[in-house]
Amino acid sequence: LCIQEDGTVLIYNLFCEFKRHFSMGNEVLQNHVLEAKVFHTEYGTGVAILTGAYRFSLTTNIDDLKLRRMPEVPGLQKPPSCWAVLSQDRVTIVLLAVGQDLYLLDNTSCSVVTPPGMSPSTGAYLQMAVSFNYRCLALFTDTGYIWMGLATLKEKLCEFNSSIRSPPKQMVWCMRPRSRQRAVVVAWDRQLMVAGNSTECIHGEHRFVLDEDSYLVPELDGVRILSRTSHEFLHEIPEASQEIFKIASMAPGALLLEAQKEYEKESQKADEYLREIKDQKLLPEAVSQCIEAAGYEHEPDTQKSLLRAASFGKCFIDKFPPESFVRMCQDLRVLNAIRDYQIGIPLTFTQYPPWDRHMTDTSSSPSRLVLRRLYPLAIRICEYLRLSEIQGVSRILAHWACYKVQQKDKSDEEVAHAINQKLGDTPGISYSEIAARAYDCGRTELAIKLLEYEPRSGEQVPLLLKMKRSKLALSKAIESGDTDLVYTVVLHLKNELNRGTFFMTLQNQPVALSLYRQFCKHQERETLKDLYNQDDNHQELGNFHVHSSYSEKRIEGRVGALQNALDEYYKAKNEFAAKATEDQIKLLRLQRHLQEDFDKPYLDLSLHDTVSNLILDGHHKRAEQLYREFKIPDKKYWWLKISALANRGDWEEMEKFSKSKKSPIGYLPFVEISVKHHNRYEAKKYAPRVTPEQRV
Amino acid sequence: QEHEVEKMFTLKPGRLPQADVKNIIFFVRPKLELMDIITDNVLREDRGRSPQRDFHILFVPRRSLLCEQWLKEQGVLGSFIHREQYSLDLIPFDGDLLSMESESAFKECYLESDQTSLYHAAKGLMTLQALYGTIPQIFGKGECARHVANMMIRMKREFPGSQNSIFPVFDTLLLLDRNVDLLTPLATQLTYEGLIDEIYGIQNTYVKLPPEKFAPKKQGEGGKDLPTEPKKLQLNSAEELYAEIRDKNFNAVGSVLSKKAKIISAAFEERHHAKTVGEIKQFVSQLPHMQAARSSLANHTSIAELIKDITTSEDFFDNLTVEQEFMSGIDTDKVNNYIEDCIAQKHPLIKILRLVCLQSVCNSGLKQKVLDHYKREILQTYGYEHVLTLNNLEKAGLLKPQTSGRNNYPTIRKTLRLWMDDVNEQNPNDISYVYSGYAPLSVRLAQLLARPGWRSIEEVLKMLPGPHFEERQQLPTGLQKKRQHGENRVTLVFFLGGVTYAEIAALRFLSQMEDGGTEYVIATTKLINGTSWIKSLMEKLEPAPF
């Protein structure tokens, strides 16, 4: 981050490549920046600014910019002597000191506060420091007095008198997570002082001489001291290390280390030491101590000797779970690798949290390496840690590819090819993600090329649509076989294109066309007609009209629609359908007459039922007429007539009919139908006329 | 109820039923028609009621952007708090049977070129492979089969990381298009289960039967109050007796039932011989099992009687005779008298359509004159509105004019031995027993694939529609099967567009053959019979009242 005088904040990446910028608001623009602080909380990285008008403006997260202007400090005429940003209960507040007064600024108000246990004679505040975790606060006054307490200003932890009255250059906290010992490091030009509450180590003051101008960086578990030529790390010595390396320590870990050394010298003292630990039944503890202490060491040689001791001790325990040992070896290997001067990430063990690395690696080393574009090492570490490909290697390759697409000096082909060469079919790679990045960089062509490698159409298609390559999206959707995806594109196209172009596009994609037809069938029947019209599909048009004729509520409408169908069937050269439709129109008209003449419902009956009903009602002439007009086959007519007559119980007419001419269906049906109606008498009449072979 | 579900309702338009619940979940297939119903439901919801009810929607088997888009356009998308999917593609029906229960799959694929159900099928097969290992060999016949196989290969490529390390259960997958074998479902199934389905229709393994035969027989009050609700029975292989008889030819069922009856009554007689306390105790311990067996026997005897009434009717016999004539290639090129008579007497339309289609398929299409005659007859008798249904059947290839002028069916029949004259219904030696003479073409293809392989029937395969193909999926060396001698291969046969119970019976018969060497597991888009199948292809046109 780079904050300019007018309140513009520029964001660069690790390689000093400009990313983006934002402004801290008008007030800052007008009054300029007097002082700025960048701070990190669990909500991200924030920026706080003191303006020329002695007002504070801040944002708690630069990725989700919300500017906040803090209330005015009453009567503030000069810049505060020192100030700090605190984060309490999810609220970011500013603490500032003016002379002997402390003010607390929150969103709405400004209040004067007094730290508990602070004597009034301590003088004006010169410097303040907030601990890494925002829990502790230290104040330095012009009498050389240091107050250390909780950041809530509710409790004093300890106080200390340094007897140095000149204002310090820097003051920072130095503490270790979960440790009860707290210390403050104060730096002057050439002098460093550590002050704290510990009874043993830092009782009173400890002063060191600084050879060079130095800068202090407070971190999670200690303080980095940077100068032009050196980089040192000051931290509280962890308990495990203390126990082992304290002079004349009799802790089990220390004894185990001693035992192992003697063992290497082939001295029997090894056994004595070992027995001493075993007698106290402390061997497991000794091994754990050595393993833990190894983690805190930066020198590989010391690490090795501690691990050797642990491994030696392990041999004498029946069931010591090996995980902690193995994990420590792995962790140290990774840590040593990234601490190498060519990589230069001197993380401490505490800062490289093992509980983190298996789950998400956003904060652990592979990700740091990726941000530094140290892709090969990152991949090797992932392989070494046996992270699954999807979790590890794939993600790194994807990052690499996203970086690659930003290289503007190479042609689209080259980049696409290079990416595919390296990524191939590595599982878990999302080509569409890379393509999206390419598209964001304005390289649409490259994005399309990359999408070619994306096997999942579900990912390809939305991006193609976003890039306005709808036709390509359509063919990709079709390739996938996922009809829902095809529908999505089709409806998108429908809104995007004019009707003519839309139809033309569909013409070339039969799959999409038939799906769209399905859609129209349910939702837009009129469009369906247009679609058929466009491909001169007369058969379907005919069917369409038949279909719609049945929703007509008036007979004229029905006949009209059928007439349309008739025309289309003729055009389709479907003579059968045309003829059938013609007959149907004729039948409908006839039925209307019948309905009027007999005042009975005839409409919408089939021809068969119409004739049958006519006979049932005794209108034999009209039945005869229909039989001729529609050329009902003889056989069928006979069947129809005798069953209708039998239903009517008109045996007389039946007999007459049987004699009208030779039956095309023989006389067995007459017998059967009579029997069916329990009329044995009638049945007997026809029995003699049944052919002998059917008579049985 | 375990999850505090208060009530279940079937989806229908209008106001939602009153129920004092906070949450309402819609389980739906992703279809637009259904979305309209839901929209209606939601819009009619009483805004003023308290507490306000929350809506959720669960798509089966897949969330659909189209449907969500549609709901959005209707302005109700926001009413749903959760929109999720329940990826239920293949539903297990029995130990060896999976179905997607997608009624319209055949119609969608062959009439409307909507391959959504094939996509679901491919997804289902991927799930199956994730659970039971990658299937090393894929065979297929037909356009849809090709499409499904392509999608599977593609989906596998989409998730290259998920190389699964499960030892494969299936050796082979056979994908078959229904339109490769249009004939089989048209014929009347003659296995016990097939007949139950033909006559009463089996719905999701349940059958509803006329109650008269199941009235409890108590002396003295017989016939007084017959139950009026249809008797509902579940049919699956968990029932010992049913497992034994379901796949038998119906003519062989009677003897099994009477044999069983003797065994059971003999078992009950045992009690008279039981003398010692120990023997009585043993007898009593077997009682529940015996009683279950007895009630199962009683049920099936009743069902068999019901069926027998129908199968012994003259009409059933005439119908079957005509079917068998067609299938054995007799008089398939002329207008059939029986069909004509049936039309004249206005027998059920579906029966007519089945017969006409059967004739058409057995003749590789009908002569234009014959076809037109049938069509005219049908329209005259059953009404003009069926013109669209006929059109659908033509589009599906069930009904067609003979175009090439050559009838391929006899060649296919002979090469694949589809008609067997010497069929043994009691102790079958060939799959043709399921149709008393006709061996289902689809199953024959499966049988020939296992031995000697499709290469021997290349010529015939070319006559059937669609491409045939073979794909291999690489397995890591560790998972390749080393077959022990005598171990059976397992083949999954997937029928795209539906399968009948008789075909399932035929495949089970092949599984059980001693020297078969192959076990079959069956999957399908839907369990069908000729009636339900033709019904799914019919266009339902209801005239608006004048």
Side-chain angles (χ1 to χ4, degrees), chain A residues 389-390 394 425-428 455-458 479-485 487-488 491 510-511 514-515 517-519 521-523 539 543 546-547 550-555 558 576-577 579-581 583-584 587 603-609 612 630 632-633 635-640 643 665 669, chain B residues 30-33 36 62-67 69-70 108 112-119 122-123 147-148 150-151 154-155 157-163 337 340-341 343-346 368 371-373 375-377 379-388 390-391 539 541-546:
Chain A
E389 277 200 316
I390 294 171
S394 298
D425 284 338
T426 318
R456 287 168 301 169
S457 318
E479 261 175 48
S480 78
D482 182 349
T483 46
D484 192 47
L485 207 55
Y487 271 128
T488 313
L491 295 186
V511 177
S514 47
L515 284 176
R517 270 199 210 118
Q518 279 296 96
F519 174 79
K521 219 177 249 180
H522 293 297
Q523 311 298 344
Q539 173 67 33
N543 292 348
V546 170
H547 212 289
Y550 276 89
S551 48
E552 291 287 348
K553 286 202 172 57
R554 284 155 41 82
I555 181 148
R558 171 84 68 85
F576 174 82
K579 183 78 180 49
T581 312
D583 282 351
Q584 176 67 5
L587 182 65
L603 279 169
D604 272 326
L605 294 179
S606 71
L607 179 62
H608 178 104
D609 294 346
S612 174
F630 290 96
I632 300 178
K635 275 193 196 168
K636 191 163 133 186
Y637 184 64
W638 278 69
W639 267 113
L640 191 164
S643 32
I665 52 174
Chain B
K31 300 225 156 141
L32 290 183
E33 306 91 279
D36 288 341
R62 212 142 276 113
R63 251 176 101 160
S64 142
L65 290 168
L66 178 71
C67 288
Q69 177 74 21
W70 190 251
E108 283 170 7
E112 297 165 341
S113 336
D114 174 355
Q115 295 172 324
T116 308
S117 53
L118 298 182
Y119 180 71
K123 280 273 183 193
H147 188 62
V148 170
N150 286 348
M151 279 192 285
R154 197 189 154 81
M155 286 172 188
R157 205 154 44 86
E158 289 193 9
F159 302 99
S162 53
Q163 179 61 262
N337 273 330
E340 259 193 325
D341 289 352
I343 297 176
Q345 295 170 62
K346 212 176 172 189
Q368 192 71 49
L371 180 64
D372 284 354
H373 178 76
K375 278 161 65 180
R376 217 165 75 88
E377 291 277 87
L379 293 190
Q380 282 194 351
T381 305
Y382 299 94
Y384 171 75
E385 63 266 30
H386 298 292
V387 71
L388 296 185
L390 293 177
N391 188 266
E539 200 77 36
L541 273 185
E542 301 255 336
F546 287 117

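Proteins come first, then strands; the chains are lettered A, B, ... in the order of their sequence lines, and each starts at number 1.
- Of the atoms belonging to B/Asp36, it is side-chain heavy atoms, and not backbone ones, that fall under 4.5 Å from chain A.
- Between A/Tyr550 and B/Tyr384, the ring planes lie parallel to each other; the angle is under 30°, not in the 30° to 60° tilted range.
- Interface check for chain B: of the options A/Leu640, A/Leu491, A/Asp609, the most heavy-atom pairs under 4.5 Å are formed by A/Asp609.
- Side chains of A/Ser643 and B/Lys346: a donor-acceptor N/O pair is absent below 3.5 angstrom, by distance only.
- Proximity to chain B (any heavy atom under 4.5 Å) is shown, for A/Lys579, by neither the backbone nor the side chain.
- In this structure, the side chain to side chain donor-acceptor pair (under 3.5 Å) partners of B/Arg63, at least two apart in sequence or on a different chain, are B/Glu68.
- Within the 4.5 angstrom heavy-atom criterion, atoms from both the backbone and the side chain of B/Asp114 approach chain A.
- Here B/Arg376 is the residue among B/His147, B/Met151, B/Glu539, B/Arg376 with the most heavy-atom pairs under 4.5 Å with chain A.
- Salt bridge status for B/Glu340 with A/Lys636: absent, with no side-chain N to carboxylate O gap under 4.0 Å.
- Judged by distance alone, the side chains of B/Tyr119 and A/Ser480 never bring a donor and an acceptor atom under 3.5 Å apart.
- Residue B/Gln368 does not touch chain A at all, counting heavy-atom pairs closer than 4.5 Å.
- In terms of modelled atom types and a separation under 3.5 Å, the side chain of A/Gln584 and the main chain of B/Glu385 share no donor-acceptor contact.
- Contacts between B/Leu65 and chain A at a heavy-atom distance below 4.5 Å involve backbone atoms as well as side-chain atoms.
- When atom types are taken as modelled, the side chain of A/Ser606 and the backbone of B/Thr381 share a donor-acceptor pair closer than 3.5 angstrom.
- A donor-acceptor distance shorter than 3.5 angstrom exists from the side chain of A/Asp484 to the backbone of B/Leu66, with no hydrogens or angles considered.
- A/Ser514 places a side-chain N or O within donor-acceptor distance of the main-chain N or O of B/Ser113, the cut-off being under 3.5 Å.
- Closest approach of A/His608 and B/Ile343 over heavy atoms only: CE1-O, 4.4 Å.
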